[in-house]
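Presented below is the structure to which this report refers.
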Amino acid sequence: MKQFIFQKSRMKELISYLISAYPSVYAPVPRGKHFVFDKIADASNVEFKYIRTILPPKKYLMPQHEALVNFTLTENLEFKEELVTDRQVILGVRPGDIRAIKLLDDVMMNRNKDRNYIARRENTVIIGIDGIPDEYSYEDSVMDLKVEEGFDLFMTDLGNMILVDVATEEGMKIINSIEHEPATERYLNLRENILNSQREMFTARIDIQAKLLPLVLEGKWNHPIWEEMGRKCLSCGQCILVCPTCYCFNVTDDMALSMEEGTRTRHWDGCQLADFTLVGHGENFRDNAAARIRHRFHRKFKYHLDVFSEIFCTGCGRCWETCPSEINLVEIANALSSEEVE
Ligand code: SF4
Ligand code: SF4
């Protein structure tokens, strides 16, 4: 990893270079009171001072709706695969979302080889930027704020200067498009100070080390917290749809009126929706909200730890902020772990 600094006033020049050099550049832009990742055509539209976007940048690696195959029901059944990918840059990605993409890579590229995800991921340049927390953020409880992998460039705002970590050759090519110089010890120390002050800013915290939660969960399958949260949950599914580490999907075949051709499409889906586990003969093996919330908590803090040794929650706070019942995983974790301490 190499570190450089450049004048913040050169940021527009850098973004303009990206727009000219890549077919698609996505970056955070304001949308009403919120922020979204959107395709940009003008450097002045980008806003780096955001806390979180409504949807995470995973939407450019695994779209909400994605046509997989077009088929024709002729005598010889014909299939035409739909995947078209081009080079893309996702700019202004927060550390938690970089980590989330790394976790998705583990699932979609290493453990299961998802052709569409791999094609998009290999065509994607990721440029990260540091961020600040709000009352819903708890990254500091579940991950290291200093990300060391999963990006091409990572920028830290030092005031008038930007410190940039360059992790790949493509990242180096991009930084070579503007004037820059090697980062001295002074700038690296400044970054450490900024990281330390960011750590102090978190107000939401899991009270124990999050990697101990699998132990805490032992014997808690029938804990009253699941019923308590289940009574509040509306099963609207917003929490799983905004989550950067959720990757479940459904696949549907849609036929044209002629009934001779159709499209197989995959759509985001998830465990908090009531019919996610609905199977043949009307059986639903997680037919109540309490069981669904318990499952989601185990997915984030136990099952994936068992398989990947990783917590599948980045503490981004999207599910908490978006939940109409203010259900959040910090409250559940602390309710479960407080009994261990007593
Ligand atoms: S957003 Fe809240 S209310 Fe909706 S499914 Fe998730 S936990 Fe339940
Ligand atoms: S579970 Fe919630 S806080 Fe954790 S990564 Fe998903 S949306 Fe973010």
Side-chain angles (χ1 to χ4, degrees), residues 34-37 50-59 61-62 64 93-107 131 133-145 147 150 202-206 210-211 213 217 225-248 268-277 284 286-305 308 310-336:
H34 301 279
F35 291 88
V36 297
F37 275 97
Y50 75 101
I51 305 261
R52 65 180 67 76
T53 52
I54 298 172
L55 291 182
K58 90 172 174 193
K59 64 183 180 177
L61 301 171
M62 187 183 169
Q64 282 162 286
V93 184
R94 291 276 185 255
D97 283 342
I98 290 176
R99 179 164 179 272
I101 291 171
K102 177 75 183 48
L103 297 173
L104 292 180
D105 291 352
D106 286 343
V107 175
D134 69 356
E135 69 270 35
Y136 302 110
S137 317
Y138 55 99
E139 284 94 338
D140 194 41
S141 294
V142 290
M143 61 175 271
D144 191 342
L145 296 185
V147 282
F202 286 89
T203 52
R205 286 179 197 284
I206 295 179
K211 283 210 167 176
L213 282 169
L217 282 165
I225 191 78
W226 311 124
E227 286 298 333
E228 187 190 323
M229 294 297 152
R231 277 193 294 276
K232 294 202 277 180
C233 177
L234 309 174
S235 297
C236 62
Q238 292 193 65
C239 50
I240 44 105
L241 295 176
V242 298
C243 179
T245 66
C246 281
Y247 53 84
C248 290
W268 289 358
D269 199 356
C271 59
Q272 299 309 285
L273 294 164
D275 60 1
F276 183 67
T277 45
N284 191 334
R286 275 195 298 276
D287 66 355
N288 63 82
R292 291 191 283 271
I293 287 179
R294 178 175 61 196
H295 175 76
R296 177 167 164 249
F297 192 88
H298 279 71
R299 289 281 288 186
K300 299 299 174 195
F301 294 110
K302 173 164 171 51
Y303 300 149
H304 283 88
L305 261 168
F308 297 103
E310 295 280 4
I311 297 166
F312 260 60
C313 170
T314 66
C316 70
R318 285 187 176 91
C319 58
W320 188 349
E321 186 183 28
T322 201
C323 177
S325 301
E326 294 185 13
I327 292 170
N328 68 86
L329 303 183
V330 173
E331 185 182 348
I332 297 174
N334 289 343
L336 293 169

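For ligands, and for the atoms within them, numbers begin at 1 and follow the listed sequence. Keep in mind it's a predicted model, so treat the numbers as computed, not measured.
Atom 8 (Fe) of ligand 2 has no N, O or S atom of Cys319 closer than 2.8 Å.
Using a 4.0 angstrom heavy-atom cutoff, Tyr138 counts as in contact with ligand 2. Under a 4.0 angstrom heavy-atom cut-off, Val242 registers as lying outside contact with ligand 2.
In terms of protein heavy-atom proximity, atom 1 (S) of ligand 2 is nearest to Leu329 CD1, 3.6 Å. Ranking the protein heavy atoms by distance from atom 8 (Fe) of ligand 2 puts Cys316 SG, 2.3 Å first. Here the heavy atom of the protein found nearest to atom 3 (S) of ligand 1 is Leu234 N, 3.2 Å. Protein heavy atom at the shortest distance from atom 5 (S) of ligand 1 is Gly237 N, 3.2 Å. The single protein non-hydrogen atom nearest to atom 4 (Fe) of ligand 2 is Cys313 SG, 2.4 Å, given as residue, atom name and distance.
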Ser137 and Arg52: CA distance, side-chain angles, deciding distance, side-chain hydrogen bond (donor to acceptor under 3.5 Å, both in side chains) verdict = CA-CA 9 Å; Ser137 317; Arg52 65 180 67 76; 3.2 Å; yes

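Taking a cut-off of under 4.0 Å to the non-hydrogen atoms of Pro244, the atoms of ligand 2 that pass are 5 (S), 6 (Fe), 7 (S), 8 (Fe). Heavy-atom proximity to Thr314, at under 4.0 Å, picks out these atoms of ligand 2: 4 (Fe), 5 (S).
A distance-only check finds a donor-acceptor pair linking the side chain of Asn284 to the backbone of Ala274 [under 3.5 Å]. Of the possible donor and acceptor atoms, one in the side chain of Gln272 sits under 3.5 Å from a partner among the backbone N and O of Arg292. Proximity of a side-chain donor or acceptor of Asn334 to a complementary backbone N or O of Arg205 within less than 3.5 Å is detected. Listed for the His298 side chain is a donor-acceptor partner under 3.5 Å among the backbone atoms of Arg294. With hydrogens and angles ignored, the 3.5 Å screen pairs a side-chain donor or acceptor of Arg318 with a backbone N or O of Thr53.
Residue contacts with ligand 2, taken as heavy atom pairs separated by less than 4.0 Å, do not involve Gln238 at all.
The closest non-hydrogen atom to atom 6 (Fe) of ligand 1, taken over Cys239, Ala289, Cys233, Cys323, comes from Cys239.
Using bins of under 30°, 30° to 60° and over 60° for the plane-to-plane angle, the ring pair Phe35/Tyr50 lands in the tilted bin.
A salt bridge is absent between Glu326 and Lys232: the closest approach of a Lys/Arg side-chain nitrogen to an acidic carboxylate oxygen does not fall below 4.0 angstrom.
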